[in-house]
There are 2 protein chains.
Amino acid sequence: MDKYTALQVFEALSSGVRLDVFRLLVQAGPEGRVAGDISSALDIPPTNLSFHLKGLAQAGLVTAEQEGRFQRYRANIALMVDTIGFLTENCCGEGVSCELTGVAEGVCKP
Amino acid sequence: MDKYTALQVFEALSSGVRLDVFRLLVQAGPEGRVAGDISSALDIPPTNLSFHLKGLAQAGLVTAEQEGRFQRYRANIALMVDTIGFLTENCCGEGVSCELTGVAEGVCKP
DNA sequence: AAAATGCTTCAACTTTTCTTGAAGTGTTGA
DNA sequence: TCAACACTTCAAGAAAAGTTGAAGCATTTT
């Protein structure tokens with residue numbers, strides 16, 4: 001993963017609205033949710049929701065699929081997990097031990 | 001972890017400058033780095049760096065310790081790892097399998 | 001004590017992001 | 001075909017974040 005991709009991911013999750021939307025989609029699982037469904041579940045006006053969904057989709061954190069006149073969104077959890085790998089790169093290299101950094105086991109040595 | 005804490009973490013990492021700083025500190029390990037060191041390593045004016053370090057510290061992603069007239073910063077990787085746990089909460093619950101979501105093994109069932 | 005160093009805070013400006021109503025696109029059902 | 005529906009795009013104003021030089025505070029050196 002490159003820095004730009006990671007930055008897009010963090011930017012996407014740096015808004016309360018988008019964080020709520022992503023979490024809702026994570027909990028929805030592979031079925032995902034259609035836009036209007038998300039709008040009413042979180043009480044966000046459709047115009048505003050569309051703006052934020054665009055940001056999440058651009059970052060790759062959600063995928064969009066047309067379903068008749070509905071638009072179904074799904075979370076991409078794998079990208080989120082990969083992003084952590086990017087952040088913890090080299091955190092245990094060069095004589096730096098996991099014990100000292102307090103990092104959970106398995107994170108630094110995948 | 002609550003939503004506010006997670007949001008602070010993502011906001012903190014949603015800037016290119018702060019992402020660079022955090023990654024530098026992750027790679028620096030437990031020794032950390034003093035502010036002036038970071039400033040010259042990443043070519044960021046001290047004033048601006050101070051602004052961004054404040055954001056990272058407020059989110060809890062870095063800690064600051066005075067060392068004479070220097071200020072030493074260290075990364076808090078554990079918080080980053082915890083934040084992922086928050087995001088993937090319930091992602092495999094209620095009949096939703098990890099296989100379908102494509103999530104790395106062990107993430108959903110810690 | 002005075003000057004130098006390391007860093008932060010402040011104030012002002014610039015830039016970006018957010019929010020909302022109005023208008024637009026495509027789809028479905030009467 | 002026409003109205004209703006689901007959602008997105010557009011435009012404009014409001015709010016938040018980023019950047020910089022000048023000034024401030026604390027520590028160290030001379």
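Every chain is numbered from 1, with letters handed out A, B, ... down the list of sequences.
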> From C:dG6, C:dT27, C:dT20, pick the nucleotide closest to the side chain of A:Q66?
Replying inline: C:dT27

>> Output the rounded distance in Å from CG (B:L56) to C1' (C:dT8).
In response: 16 Å

> For the atom pair CD1 (B:I77) and CG (B:D82), what is the distance rounded to the nearest 0.5 Å?
Replying inline: 12.0 Å

>> Check this one for me: any side-chain N or O of A:H52 less than 4.0 Å away from OP1 or OP2 of C:dT19?
In response: yes

>> Does C:dG6 have OP1 or OP2 under 4.0 Å away from a side-chain N or O of B:Y73?
In response: no

>> Can you identify which nucleotide, out of D:dT20, D:dT27, C:dT8, has its nearest atom closest to the B:R69 side chain?
In response: D:dT27

>> Which is more 5' along DNA chain C, the nucleotide nearest B:L53 or the one nearest A:E11? Just name the residue.
In response: B:L53

> Any side-chain N or O of B:R18 less than 4.0 Å from the OP1 or OP2 oxygen of D:dG18?
Replying inline: yes

>> Given the ring of B:F70, does B:R33 sit roughly above its face, with NZ or CZ under 6.0 Å from the centre of the six-membered ring and within 45° of the axis?
In response: no

> Tell me: CZ of A:F10 to P of C:dT17, nearest whole Å?
Replying inline: 17 Å

> Closer to the 5' end of DNA chain D via nearest nucleotide, is it A:R72 or B:G68?
Replying inline: A:R72

> Roughly, in whole Å, what's the span from CD in B:E67 to P in D:dT28?
Replying inline: 11 Å

> Considering only side-chain heavy atoms of A:T47, which listed nucleotide, D:dT9, C:dC7, C:dG6, is closest?
Replying inline: D:dT9

> Got B:L19 and A:F10 here, is their nearest side-chain heavy-atom distance under 4.5 Å?
Replying inline: yes

> Of the nucleotides C:dT27, D:dT20, C:dT19, which has the atom closest to the A:F51 side chain?
Replying inline: C:dT19

> A:L13 versus A:F22: any side-chain heavy-atom pair under 4.5 Å?
Replying inline: yes

> What does A:S39 touch in the nucleic acid at a heavy-atom separation under 4.0 angstrom: a base, only the sugar-phosphate, or nothing?
Replying inline: nothing

> Does a side-chain N-to-carboxylate-O contact under 4.0 Å join A:E67 and A:R72?
Replying inline: yes

> Atom CD1 of A:I44 and atom C1' of D:dT8: how far apart are they, to the nearest Å?
Replying inline: 16 Å

>> Between P on D:dC7 and CG on A:N48, what's the gap in Å once rounded to a whole number?
In response: 15 Å

> Rounded to whole angstrom units, what separation is found between the CZ atom of B:R33 and the C1' atom of C:dG6?
Replying inline: 17 Å

> Heavy atoms under 4.0 Å, any strand shown: does A:P45 hit a base, just sugar-phosphate, or nothing?
Replying inline: sugar-phosphate

>> If you only use heavy atoms from C-beta on, which nucleotide in D:dT29, D:dT9, D:dT20 is closest to the side chain of A:K54?
In response: D:dT9

